[in-house]
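Reckoned from all heavy atoms, side chains included, excluding hydrogens, waters and symmetry mates. Chain identifiers are assigned alphabetically (A, B, ...) following the order of the sequence lines, protein sequences preceding nucleic acid strands; residue numbering begins at 1 within each chain. A quick note: this is a predicted structure, and the numbers were derived from the prediction, not measured.
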Amino acid sequence: MSTVTEKAPKQEEKRPLLKRVAGANSLWIGLVLLVLIAAFGVIDPTHVLTIFNLQTVLIQTSVLLVLSVGMTFVIITSGIDLSVGTVLVFSGVTSALTMNAMSGGDSTNAGWGVVIVGGIVAVASGAAWGLLNGWLIAKAKIPPLIVTLGSFGAALGAAELLTGGSDVRSVPNTLAKSLGSGTSFGGIPNMVLFAIVVTAIGAWLLATTRFGRYTYAVGSNEVAAQRTGISVTRHLVLVYVLAGALAGLAGFMSMAYFTTTTLTSHGTDNLNAIAGTVLGGTSVFGGVGSVIGTVIGVFIPAVLNQGFTIIGVNQFWQPIAVAIVLVAAVWFDQNRRKARNLR
Amino acid sequence: MSTVTEKAPKQEEKRPLLKRVAGANSLWIGLVLLVLIAAFGVIDPTHVLTIFNLQTVLIQTSVLLVLSVGMTFVIITSGIDLSVGTVLVFSGVTSALTMNAMSGGDSTNAGWGVVIVGGIVAVASGAAWGLLNGWLIAKAKIPPLIVTLGSFGAALGAAELLTGGSDVRSVPNTLAKSLGSGTSFGGIPNMVLFAIVVTAIGAWLLATTRFGRYTYAVGSNEVAAQRTGISVTRHLVLVYVLAGALAGLAGFMSMAYFTTTTLTSHGTDNLNAIAGTVLGGTSVFGGVGSVIGTVIGVFIPAVLNQGFTIIGVNQFWQPIAVAIVLVAAVWFDQNRRKARNLR
Amino acid sequence: MSEPLLEARSLVKHYGSVEALRGASFQVAAGEVVSLIGDNGAGKSTFIKCLSGAEQPDSGEILFEGKQIHLDSPTAARSLGIETVYQDLAVAPDLDPAANLYLGREIKRKGLLGALGMLDKKEMRRKASEEFSRLGVTLQSVDVPIAALSGGQRQSVAVARSVVWASKVVFMDEPTAALGVVQRERVLDVIRKVRDQGIGVVLISHNMPEVLSVSDRVEVLRLGTRVARFKASEATLEDLVGAMTGALVQEDVA
Amino acid sequence: MSEPLLEARSLVKHYGSVEALRGASFQVAAGEVVSLIGDNGAGKSTFIKCLSGAEQPDSGEILFEGKQIHLDSPTAARSLGIETVYQDLAVAPDLDPAANLYLGREIKRKGLLGALGMLDKKEMRRKASEEFSRLGVTLQSVDVPIAALSGGQRQSVAVARSVVWASKVVFMDEPTAALGVVQRERVLDVIRKVRDQGIGVVLISHNMPEVLSVSDRVEVLRLGTRVARFKASEATLEDLVGAMTGALVQEDVA
Amino acid sequence: GGGQVGQSGGSGSSNADNKSLALIPGVSAEPFYISMQCGAEAEAKAKGYTLKTQAPQKFAPADQTPIVTGILANKPAAVLIAPTDDKALAGPMKQLKDASIKVIEVDTSLQDTSIAESSISSNNEQGGQLAAQTLAKLVGDKKGSVLVLNTTAGTSTTDAREKGFKEEIAKYPNIKYVGQQYTDNDAAQSAQKVTATLSSTPDLIGIFATNLNTGEGAATGLRTAGKTGQVNLVGFDASPKEVSDLKDGSFQALIAQDPATIGKDGVDQAIAALTGGSVTRNISTDLVSITKDNMDAQSKYFYKSSC
Ligand SMILES: Nc1ncnc2c1ncn2[C@@H]1O[C@H](COP(=O)(O)OP(=O)(O)OP(=O)(O)O)[C@@H](O)[C@H]1O
Ligand SMILES: Nc1ncnc2c1ncn2[C@@H]1O[C@H](COP(=O)(O)OP(=O)(O)OP(=O)(O)O)[C@@H](O)[C@H]1O
Ligand SMILES: [Mg+2]
Ligand SMILES: [Mg+2]
């Protein structure tokens, strides 16, 4: 009863890189995405694995991706933003109307100056809705679900008021040809480049900056964040402004792509963005999530839809198949993570 | 330094009834509802305050109310059910198809026996989706948002598969005449009676039974509930089954009311039910809520829509006005509660 | 030491790369108070979670009344008469103290309504008040949610719950940490009373005088293994601290 | 007692029908350790929350360096150099210990990236490790979220955070409640060191020997009012317990 | 460096023995498009072609565009499409054309007339006019108000129906048009708008519902209010449900298009374009007004819910 054995505590070692990568929330769900692409490729190699298909899937997803980057920040704060789709529409409308007004009623042949002003107006309109949302949520302490459900309706109503209920259909050709359908660097669509840049900035902001850290802190424990001197109100407002501004940008992109304001098209963008974000490993209870996860989460349904259309799955089966893959993907991801057994 | 003063701790007294009523989450939001009705009444007394209007608002809200009762249980467990609207459709479809099959293809003149079987099939179909949702959420631990977003799509897809994509149009006249448009007790619509009974049972179940208490416990602290020996998995499954069964019942009511399965009409029922529930004071973070609150929360938007249409508010302004009232109602409710200063 | 009521042999538990338990063993007999002590992070809470079914060990075996058992949930442990006060308080913050006391063991009404699941809230509240005053828990108001109670009040409710329901073993993970002087004495009294009823009590505490005053035996955990066992009557404060810090190791105990 | 650094006069705080504070007063001077003791539910945590800006009192006044101040947020208090360890630990469970230590006071990178808000995580982690070892906090792994730490480890992080940043007053609400023997001694040492730097320390604890060993003065709260004040060197354990339980009341202190 | 999307995509791969056609309706699960699909499938089969149908979940360009690009990957010889927006679909449909796929517009069409080989449609504005005339005939010279129930603001087809109705109804001095109500294509909302309008406008004598869902909702609203038959309800399209409602008196009239013929003509034009036959640029199909009295004679216009 007394030999002293030295068992030094293994203190403060860092987990090796490989383990940390395997532990990343997004690894396994990324694998699911690759498996899906491979599966479609095997079923119908000639039609699926084409550059053109890659291009179109990327383009069609780029608007949703921009929305989802903003949504990721919002959900990490344990909030939600149901208004992104209609704020997108509203921003497209204000932008299009401004461009028209600057060009004497029809902006079809307007130049770059007008287009740039249009872009600024779109982002500003989105940010304004974000400011309203954020203020009501952070300052007046109204649940995000109620606030953004309200602005979901109100933004569309406002857009319809501005246009009298029909789409604005004159969009500068410069815009449509450059951002909407142009490509750069030998075939990369400009829409996609735009989305990549936005996503990269979003990922950087979330992962490495103080803004990102506060986002996690607020979502993880709002009271704690408050007590350590973070201005939670200000930060929440900023996060919703960011989401709104990105929705505005998405509205501008959507308008460039469709060359019209597509009033009726965005009723379920909110759920799609939320689904992509959650699928990518962001927790609706806040504090946990990543932009790279969201990217993968957004692409899974997109790839499924495109793949099913190409291989000709019956249209009524498609939502069922998407549902099965969605659930299975998350289940697989959870299980892998549980197998790693970290928390 | 030593006189002993007796300051008996005021232990375990119960707050007086009046205080408890004033403290109830639903009091203030109920006041908001009354104020709204009064306001519309003042603006246009001849057209608003009619028995006919009362009847129609009640009828039009009864289906949503039944959905929202189930949603209340789900949200109190800190879950969410996005699938209620399409499960409603699916249940209507299976029920209608069963009734048709039992009547040799066209159930228009079928009797009570067929109708009752139809009702059972509807509830059972809804419960089956609820079972699937609940199992995936509680057992496979997939986030409710993902699971029910999946079944939101899948239930509609399945309904469309069953019908080949168009509504089932033959509904027994017995059903349409009795439940759909009949009245009892001197003018109370049967749809409304049905909804009242369901709501009352729901309120009783939540407020006074063990099932209700477990619902609060699971939502308040799932780990604690688990550790005190509550079978959280089983309870969660039951809650989603309840929500599904109520959606099935709502599908049956909807079919009786519209005399068709209204396949494409229920895309936003989920958000409406969630909004009503949250507006009524149920917290999306779980543990807090009441059925009576939900009743009030569901009626506020219903009264607004009816009122605005009657007094002729521009239709594009309507969603904006609804948004303002929604947000203002919750804000008022929060402030009153804060003024009471309890927690 | 008499025949052990509950025994753990060489439990191992990993959390990812963290080894919380590295082959820890433990015994408690009926009618004895065993204190489990150790440094912060030594693995005490993890150990207790494994023994009460809240976590599953990666390897090792657990014996109850001599038979090997598998505790796959807290319910399994509770049905054996094992109750636990967890360090991260396992209460439902939105429910009131009475509801928390009876959580999972609600009293139903008599007759049909009870068969339908309806609760007898008044009875539960009444009995809860009784239990609370027996244990000296003072609450300014019984119908507020637990979240509104002070730290010590919350802890008292958790302690009350475990001792009311236990029939074989009670685990208490730092039950007195947030308690005032008077409440602490009451809890120690309760521990003794429970022991005298023939129930085994396992106490985790960082308060050494308290440990020495209430325990029959002391087991020491360090870095996930048992490093020493003492009879409380024979141990000194220095022995305990030495064992916890690694200055003293008994060779044959792990 | 020298000129008080922070003083509270007749604070009242209601939570609904519960009166948590009924006119409580308090002083702490620079370079002194004052213990605030009292029964569970006496109002100690509420009092400290009012003095650190986390809650607003319904009435009463707070003076800092002789001037009346209004603490409408914890930020206001922090900017005066007042730091707090809350009883319900105010940490962000999803962030790692280093991130929690620097929360609200992040170190940015040098140059442009820093101006853009980019953090120097490596530097923060390095410095955090230093602080932790200085305070004797042992963690098996630094890059796991706080939620994965043991109760004592979590508390140590919270204590470390307050003493690293305080410049005038530190409030500590039961900082040692979950700590092991060694860690507890370290924290008491730290409290003394901080005091010697001229910072006022307010300690809440239910451990009377600890209170008597580390404090310069002791103030006793009962049912929301101050009922007694002692010089620690002159008080006995019996005095303290008597004051807390109401057996002993000093007439002139409220 | 700049380019345009699709340049690398499909360049001329169409060959003479590609006998596959594709149909992209405006929305899935609508009897109108199902009937069109039936007509097109029957014709394609008769001519030795295969026809695949892929429909979007919603009548919206954002839902339809991925289907167009998805179909594009399969390189059918020709595509029959009902563009859900007359501008937004121009880009994707241009890609079809650039890939040497023949494009035929059915039901709706693009502003840009250079893309499609042929456009076959019934004129929605004309349908609205026909609805106004039918409703006017039904009410006779009673004085009163009429209401239009539209779907979602910005839906081009139903907007055109409302436009035609509004212009035509102005010609009847005894009828006051109280304007349109949007229903978000939701039967429940439609019923609500009807009951609310009945409250505010007691002299309501007619309703024109611009599509199936609004019609069903309106019929329900009237039934709730006990006004079935007193308020004349004119629906659009002749889905089986609407036909049976017409029979039992819930509707007083229906404005039917001829989707089967649209589908059949679409296939014919596509084959003509592929085989170098003569292509007609614009074809307009019939619209008819069906009332209880003439419904047996007009039964060929009833839509199908499956082929
Ligand atoms: N869920 C978890 N995930 C990862 N690591 C964990 C988890 N729970 C505990 N650990 C680690 O396991 C070790 C033992 O933790 P445990 O909580 O059992 O300690 P303890 O002896 O109870 O300490 P204390 O006296 O501070 O409560 C610690 O290093 C802790 O960080
Ligand atoms: N948020 C709240 N809502 C309602 N009542 C509260 C709230 N916070 C505290 N109380 C009540 O105020 C009284 C004082 O609580 P406080 O937490 O200040 O006690 P304490 O002295 O810190 O006790 P302990 O030693 O147990 O931590 C208690 O009766 C408690 O129930
Ligand atoms: Mg512990
Ligand atoms: Mg306290």
Side-chain angles (χ1 to χ4, degrees), chain B residues 44 46-50 52-53 55-57 59-61 63-64 85 106 108 153 156-157 159-161 163-171 173 176-177 180-181 189 191 254 257-269 272 302 305-312 314-316 318-319, chain E residues 27-35 37 55 57-59 150 153 178-202 211-217 219-221 223-226 228 239-245 248 250 303-307:
Chain B
D44 188 349
T46 50
H47 296 136
V48 171
L49 300 174
T50 62
F52 169 72
N53 244 328
Q55 275 191 346
T56 50
V57 171
I59 295 180
Q60 286 157 12
T61 316
V63 171
L64 183 61
D106 185 343
T108 313
L156 187 60
E160 289 174 339
L161 267 182
T163 61
S166 53
D167 285 307
V168 184
R169 62 183 189 284
S170 43
V171 166
N173 273 332
K177 291 271 146 55
S181 54
M191 288 278 283
S254 165
Y257 179 53
F258 289 113
T259 70
T260 169
T261 48
T262 54
L263 278 180
T264 53
S265 274
H266 299 274
T268 54
D269 281 10
N272 292 337
N305 283 326
Q306 188 84 354
F308 283 145
T309 316
I310 293 176
I311 66 174
N314 173 326
Q315 54 207 342
F316 298 139
Q318 286 187 21
Chain E
V27 64
S28 69
E30 241 189 43
F32 173 82
Y33 287 116
I34 292 170
S35 304
Q37 183 185 345
Q57 286 289 316
K58 279 187 303 149
F59 191 90
N150 203 338
V178 296
Q180 62 176 339
Q181 293 280 355
Y182 289 104
T183 64
D184 289 336
N185 202 22
D186 179 304
Q189 277 200 46
S190 177
Q192 184 260 317
K193 299 291 182 194
V194 168
T195 59
T197 308
L198 282 170
S199 288
S200 60
T201 319
N211 78 345
L212 173 69
N213 277 340
T214 53
E216 296 298 350
T220 305
R223 196 164 48 240
T224 311
T228 305
S239 73
K241 174 63 184 166
E242 285 172 299
V243 169
S244 72
D245 281 353
D248 74 16
S250 298
Y303 300 179
K304 296 181 195 150
S305 51
S306 60
C307 301

Bottom line for Q318(B): the part with an atom under 4.5 Å from chain E's heavy atoms is side chain
Given N305(B), T50(B), T262(B), the one with more heavy-atom pairs under 4.5 angstrom with chain E than any other is N305(B)
In this structure, OG1 of T108(B) is separated from CG of D248(E) (nearest 0.5 Å) by 9.0 Å
With no hydrogens and no angle check, is any side-chain donor or acceptor of K241(E) less than 3.5 Å from a backbone partner on T259(B)? yes
Bottom line for D167(B): the part with an atom under 4.5 Å from chain E's heavy atoms is side chain
Okay, E30(E) and chain B: the region with an atom under 4.5 Å from a heavy atom over there is backbone
Q315(B) and Q180(E), any side-chain heavy atoms less than 4.5 Å apart:
yes
Heavy-atom donor-acceptor pair, S265(B) side chain to A187(E) backbone, under 3.5 Å: yes
Under 4.5 Å to a heavy atom of chain E? For Y257(B) that would be both
Between the CZ atom in R223(E) and the CZ atom in F258(B), the distance rounded to the nearest 0.5 Å is 9.0 Å
In this structure, CG of L156(B) is separated from OG of S28(E) (nearest 0.5 Å) by 8.0 Å
The reported gap from NE2 in H47(B) to OG in S200(E) (rounded to nearest 0.5 angstrom) is 7.0 Å
Looking only at T260(B), T268(B), V57(B), most heavy-atom pairs under 4.5 Å shared with chain E are made by T260(B)
Bottom line for I59(B): the part with an atom under 4.5 Å from chain E's heavy atoms is side chain
So CG of D186(E) and NE2 of H266(B): to nearest 0.5 Å the spacing works out to 6.5 Å
So, the part of T264(B) with a heavy atom under 4.5 Å from chain E: the answer is both
With a 3.5 Å cut-off and no angle check, do the side chains of T195(E) and Q306(B) form a donor-acceptor pair? yes
Between the CD atom in Q60(B) and the CD atom in Q189(E), the distance rounded to the nearest 0.5 Å is 10.5 Å
